[in-house]
> 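Once you've had a glance at the structure underneath, I'll fire off some questions.
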Amino acid sequence: MSAQPIQSGPYAGWVPVAPPAPGAIISARALSKWYGEVIGLNSFELDVLPGITGLVGPNGSGKSTLFKLVSGLIRPSVGTVTVLGQDPWANPPLMARIGLCPDYDNLPGEQTGRALLRFVGGLRGMTGPKLAARIEEVARIVNMAPHMDRRMGGYSKGMRQRMKIAASMLHEPELLLLDEPLSGTDPLGRRELIDLVHALHKEHGHNVVVSSHVLHEIERLTSKVAVVYKGRAVATGDIHEIRDLIDRHPHNIIVESDRLEELARRFVGMPTVVSVQYGEGRRSLVVQVSKPDEFFNAMPSIVGELGADMHKMQSLDDDLESVFRYLVR
Amino acid sequence: MLPLRDQLNGLLTILMYTFRKVILSRRIVITLLIAAFVAVVALYVGGQDVERLKDGTNLLDSLILFFFMPVLAMIYGSSLLRDEMDDRSITQVVTSPMDRLFIYTGYYLGLVVSVSALMLIVLTAGFLSFFGRAGIDGDAMGIYGSMAGLMVIGSIVYSALFMAVSVILDRPIYFGLFYAFIWEAFIGSLPGKIGTLAVKHYVRSIGAGWIHYGEISEFPASSMGDSAWVLLILTVILFVFGAYMFREKEFA
């Protein structure tokens with residue numbers, strides 16, 4: 001992806017900025033962003049083609065910074081980013097073609113889901129029956145239709161994520177940016193969201209860029225990934241090659257539930273589980289697994305059989321670090 | 001960019017959202033407490049041996065226009081945009097296809113309408129409590145109308161000031177406290193030219209031309225026309241400055 005240095009002439013040794021790849025919907029060239037002394041992105045190079053693309057990397061690697069640059073919330077310190085062929089900074093017309101679902105929870109708890117979507121629609125020039133119809137349609141797509149008149153403060157994490165996605169897709173953007181949409185959701189909610197992202201592309205025609213710090217989650221969404229580490233895109237391409245790397249490293253998953261003992265007993269019997277131990281204060285389990293995708297695929301049925309109430313299930317970043325370090329060597 | 005009609009629709013959406021948010025927020029309790037306090041004081045004063053129009057005007061002037069006007073504008077103005085930036089709910093707004101000038105204008109007008117409405121609640125509570133006891137007639141209603149007009153003017157100017165400050169500073173409330181309690185209340189009360197550095201000097205100068213009772217009518221004022229121009233120019237400068245800073249602002 002990086003261009004070769006110029007060999008001769010007055011610009012010998014200079015590295016020309018490569019043009020965006022043909023058909024790229026997002027293109028970053030020598031893109032850097034600093035927050036004071038903290039580096040968000042560092043000489044980041046990436047071309048994103050239409051379809052579903054995954055961004056994977058540990059927390060703090062620069063994924064959210066890239067989303068903010070792409071959606072015009074911040075501007076580059078150095079370098080360029082083009083989105084659908086345009087510079088996103090101070091470019092309101094481009095925003096009509098982009099939908100951002102941020103990683104943070106920005107839903108006002110006192111509002112209902114319907115009021116939020118009315119507000120978001122109003123900001124995008126949508127009014128009247130057309131807006132009302134679109135709200136109903138989007139609510140059905142994200143499976144939130146029965147909950148639209150409830151205050152969002154009472155929503156579960158998964159419902160809040162779905163409502164954020166609804167807000168980002170209300171105006172039918174060409175490009176959807178989903179920043180950690182699966183974060184903090186339970187296994188069932190996660191499966192629903194994964195199906196939703198597939199449907200957004202296949203049935204509704206959105207191009208989707210989705211980020212996660214958990215590689216196997218991205219794998220269930222797409223095979224096209226960019227691995228982001230310490231502000232750089234350290235690998236791009238097919239996820240299966242990257243997954244082979246991670247499968248050679250044990251994967252730690254933290255589980256919080258009201259049925260820890262029963263869950264631990266079930267985990268011990270699973271071939272993919274290397275070890276199970278209690279976390280601090282016996283309030284959680286730390287499960288080490290060799291094949292995380294098998295483990296996560298099995299979770300919904302285990303939870304269903306035990307009738308367990310899952311409070312949290314999260315991959316720890318530490319186990320990815322070794323893979324990322326390997327990739328940047 | 002959205003067509004102008006859609007930009008204006010978006011502006012109206014933000015205005016209505018802001019108004020509902022202010023009126024329905026828990027901070028409305030502050031306004032209601034202030035209104036209750038003003039009502040109790042006015043009720044008490046109204047029951048004394050008073051010169052109805054003169055003392056009623058002085059009461060509304062000193063208690064509401066002089067003190068609570070900048071304080072309430074500070075409370076709401078310095079927190080409206082800043083709270084949304086801090087909890088990042090503003091992301092929905094700044095990633096919309098609206099020009100940020102329209103977005104800022106929507107918030108500003110929403111703030112002006114909200115602060116005006118809140119001030120009218122306080123003014124009405126004070127007016128009814130005092131004149132309800134001392135007697136309401138055409139002159140009293142004239143005072144009420146003039147005071148209401150001054151509240152709206154104050155809301156327009158103070159909102160421009162505190163919203164601009166909230167875009168620039170991470171903790172605008174400290175500036176707001178300093179400005180409302182020290183600058184406006186203290187500096188604005190000093191005799192001589194230095195008093196002209198406070199917004200309320202010009203608001204009261206306009207009031208001196210409108211109201212014929214009480215101290216405000218004898219206010220050693222700048223002329224009404226000059227005061228209106230000063231406030232207009234100040235508001236435009238603050239608005240343009242705030243809108244420009246908002247347009248250039250990054251939302252990390």
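What's counted below: heavy atoms across the whole structure, side chains too, no hydrogens, waters or symmetry copies. Per chain, numbering begins at 1; letters A, B, ... match sequence-line order.
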> Can you tell which part of A:Asp105 gets under 4.5 Å to a heavy atom of chain B, answering side chain, backbone, both or neither?
backbone

> Does B:Asp83 come within less than 4.0 Å of B:Arg27, counting only side-chain N to carboxylate O?
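Result for this pair is yes, salt bridge flagged.
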
> If you round to the nearest 0.5 Å, how far is CE of B:Met119 from CE of B:Met147?
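Rounded to the nearest 0.5 Å, the CE-CE separation comes out at 10.5 Å.
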
> Flag the one option from B:Ile103, B:Leu11, B:Thr91 with the top tally of heavy-atom pairs under 4.5 Å to chain A.
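Of B:Ile103, B:Leu11, B:Thr91, B:Thr91 has the most heavy-atom pairs under 4.5 Å with chain A.
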
> Sort A:Lys164 into side chain, backbone, both or neither according to what part of it lies under 4.5 angstrom from a heavy atom of chain B.
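Neither; nothing under 4.5 Å.
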
> Judged by atom type as modelled, is there a donor-acceptor pair below 3.5 Å linking the side chain of A:Lys63 to the main-chain atoms of A:Gly57?
yes

> Check whether B:Glu84 gets within reach of chain A through its side chain, its backbone, both or neither, counting any heavy atom under 4.5 Å.
neither

> Given a strict heavy-atom distance threshold of 4.5 Å, which part of A:Ala90 is in contact with chain B: side chain, backbone, both, or neither?
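Neither part; nothing is under 4.5 Å.
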
> Name the option with the most non-hydrogen atom pairs under 4.5 Å to chain A; the candidates are B:Ile14, B:Asn9, B:Val94, B:Ile90.
B:Asn9

> Does a side chain donor of either A:Ser27 or A:Asp47 reach within less than 3.5 Å of an acceptor in the other side chain?
yes

> Quick one about A:Ser211 and A:Glu180 (side-chain donor to acceptor, distance below 3.5 Å, no hydrogens or angles considered), yes or no?
no

> I need the residue from A:Arg97, A:Gln111, A:Arg124, A:Arg118 with the largest number of non-hydrogen atom pairs under 4.5 Å to chain B.
A:Arg124

> Using only atom types and a distance under 3.5 Å, with no angle test, would you say the side chain of A:Ser32 pairs donor to acceptor with the backbone of A:Ser43?
yes

> Report which part of A:Leu100 has an atom under 4.5 Å of a heavy atom belonging to chain B: side chain, backbone, both, or neither.
side chain

> Given a strict heavy-atom distance threshold of 4.5 Å, which part of B:Arg100 is in contact with chain A: side chain, backbone, both, or neither?
side chain

> Spell out, as yes or no, whether a donor-acceptor pair under 3.5 Å connects the side chain of B:Ser96 to the backbone of B:Val93.
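Here the side-chain-to-backbone pair exists.
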
> Between B:Arg20, B:Glu248, B:Met16, who has the most heavy-atom pairs with chain A when the cutoff is under 4.5 Å?
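Heavy-atom pairs under 4.5 Å are most numerous for B:Glu248.
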
> Is B:Asp87 in contact with chain A via its backbone, its side chain, both, or neither, using a 4.5 Å heavy-atom distance?
backbone

> How about B:Tyr76 and B:Phe162: are their ring centres within less than 6.0 Å of each other?
no

